[in-house]
Amino acid sequence: MEGLGQFPFLIAIFAIFFIFMILPQMKRQKAEKKFAAALKKGDKVMMKSGLHGKISELNDKDNTCVIETMAGRLKFDRSAISMEMSKKLNPVPAKK
């Protein structure tokens, strides 16, 4: 009977862990996936490594893109593009 008193406490700890740790991570992954799918040719992007460039080609077969930089053209995986910094480079036009 002593173990039953701790059971609701363990469920509460798991619920708090789920709400504060797992749900935000799932939301972030969903947003990154949506961002990667919305990329288009000509978008200015910043890689997670700090490299700036413009998308010149997108390949849906192997989920890569070719980035045009001042040094030339480089092929990257789409997951290497920084979502936060790329949004700052491509601001949403203000509605009038």
Side-chain angles (χ1 to χ4, degrees):
M1 286 303 221
E2 291 179 19
L4 291 176
Q6 294 178 350
F7 188 67
F9 180 71
L10 290 174
I11 290 177
I13 288 176
F14 178 75
I16 290 170
F17 178 78
F18 185 79
I19 290 170
F20 288 109
M21 299 293 279
I22 298 172
L23 282 180
Q25 180 65 26
M26 289 170 51
K27 185 177 180 182
R28 190 174 14 251
Q29 285 176 343
K30 186 176 180 182
E32 284 183 14
K33 191 173 184 179
K34 184 178 177 184
F35 169 77
L39 289 172
K40 59 188 179 301
K41 190 175 178 179
D43 282 350
K44 293 179 184 175
V45 295
M46 181 175 171
M47 311 308 285
K48 290 181 181 176
S49 63
L51 180 75
H52 290 253
K54 185 169 71 171
I55 297 176
S56 62
E57 293 177 29
L58 291 169
N59 188 347
D60 290 330
K61 286 184 181 178
D62 59 355
N63 211 22
T64 60
C65 59
V66 175
I67 306 296
E68 193 173 312
T69 66
M70 294 180 79
R73 295 163 44 112
L74 303 167
K75 187 174 183 177
F76 282 96
D77 194 42
R78 284 191 196 186
S79 64
I81 298 174
S82 171
M83 180 174 68
E84 291 82 16
M85 294 306 294
S86 294
K87 285 183 179 178
K88 290 179 184 176
L89 291 173
N90 296 312
V92 178
K95 294 181 182 178
K96 293 181 180 180

J.: Rounded to the nearest 0.5 Å, how far does CG of Asp77 lie from CG of Asn59?
T.: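 Reported value, rounded in 0.5 Å steps: 10.5 Å.
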J.: With sequence neighbours excluded, tell me which residues meet side-chain contact (heavy atoms from CB on, under 4.5 Å) with Ala31.
T.: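 Scan of Ala31 (side-chain contact (heavy atoms from CB on, under 4.5 Å), adjacent residues dropped) gives Met83.
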J.: Mind listing the closest non-hydrogen atom pair of Pro24 and Ile19 along with its distance?
T.: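 Closest approach of Pro24 to Ile19, heavy atoms only: CD-O, 3.4 Å.
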J.: Return the CD1 to CG distance between Ile67 and Leu51, rounded to the nearest 0.5 Å.
T.: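 Separation between the atoms: 8.0 Å.
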J.: Distance from Lys44 atom NZ to Ile55 atom CD1, nearest 0.5 Å?
T.: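 Taking NZ in Lys44 and CD1 in Ile55, the distance rounds to 12.5 Å.
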J.: Let me check something: do Leu23 and Met21 share a hydrophobic cluster, defined by ILVMFWY side-chain heavy atoms less than 4.5 Å apart, either directly or through other members?
T.: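 Linked within one cluster.
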J.: Show which residues join Val66 in its hydrophobic cluster (side-chain heavy-atom contacts under 4.5 Å, direct or indirect), or state none.
T.: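 Members other than Val66 - counting any ILVMFWY side chain reachable under 4.5 Å - there are none.
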J.: Phe9: which other cluster members, linking ILVMFWY side chains closer than 4.5 Å, directly or transitively?
T.: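 Ile13, which link up through side-chain heavy atoms under 4.5 Å apart, make up the rest of the cluster.
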J.: Measure the OG-NZ distance between Ser56 and Lys41 for me, rounded to the nearest 0.5 Å.
T.: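 If I round to the nearest 0.5 Å, the distance is 7.0 Å.
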J.: Going by side-chain contact (heavy atoms from CB on, under 4.5 Å), name the residues that satisfy it together with Gln25, two or more places apart in sequence or in a different chain.
T.: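 Gln25: side-chain contact (heavy atoms from CB on, under 4.5 Å) contacts with Arg28, Gln29.
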J.: Is the number of heavy atoms from other residues, nucleotides or ligands under 6.0 Å of Lys54 NZ greater than 12?
T.: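 It does not: Lys54 NZ has 12 such atoms or fewer within range.
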J.: Quick one: OG on Ser79 to CD on Glu32, what's the gap to the nearest 0.5 Å?
T.: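 Between Ser79 OG and Glu32 CD, I get 9.0 Å after rounding to 0.5 Å.
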J.: Enter the distance from His52:NE2 to Met70:CE here, rounded to the nearest 0.5 Å.
T.: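 Here the interatomic distance stands at 12.0 Å.
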J.: Does the side chain of Met47 come within less than 4.5 Å of Ile81's, by heavy atoms?
T.: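 Contact flag for Ile81/Met47 side chains = yes.
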J.: State which residues pass side-chain contact (heavy atoms from CB on, under 4.5 Å) with Asp60; sequence neighbours excluded, sorted by chain then number.
T.: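 Asp60 satisfies side-chain contact (heavy atoms from CB on, under 4.5 Å) with Arg78 once adjacent residues are dropped.
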J.: Mind checking side-chain contact (heavy atoms from CB on, under 4.5 Å) for Ile22 and listing every partner two or more places apart, or none if nothing turns up?
T.: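 Scan of Ile22 (side-chain contact (heavy atoms from CB on, under 4.5 Å), adjacent residues dropped) gives Phe17, Phe18, Met26.
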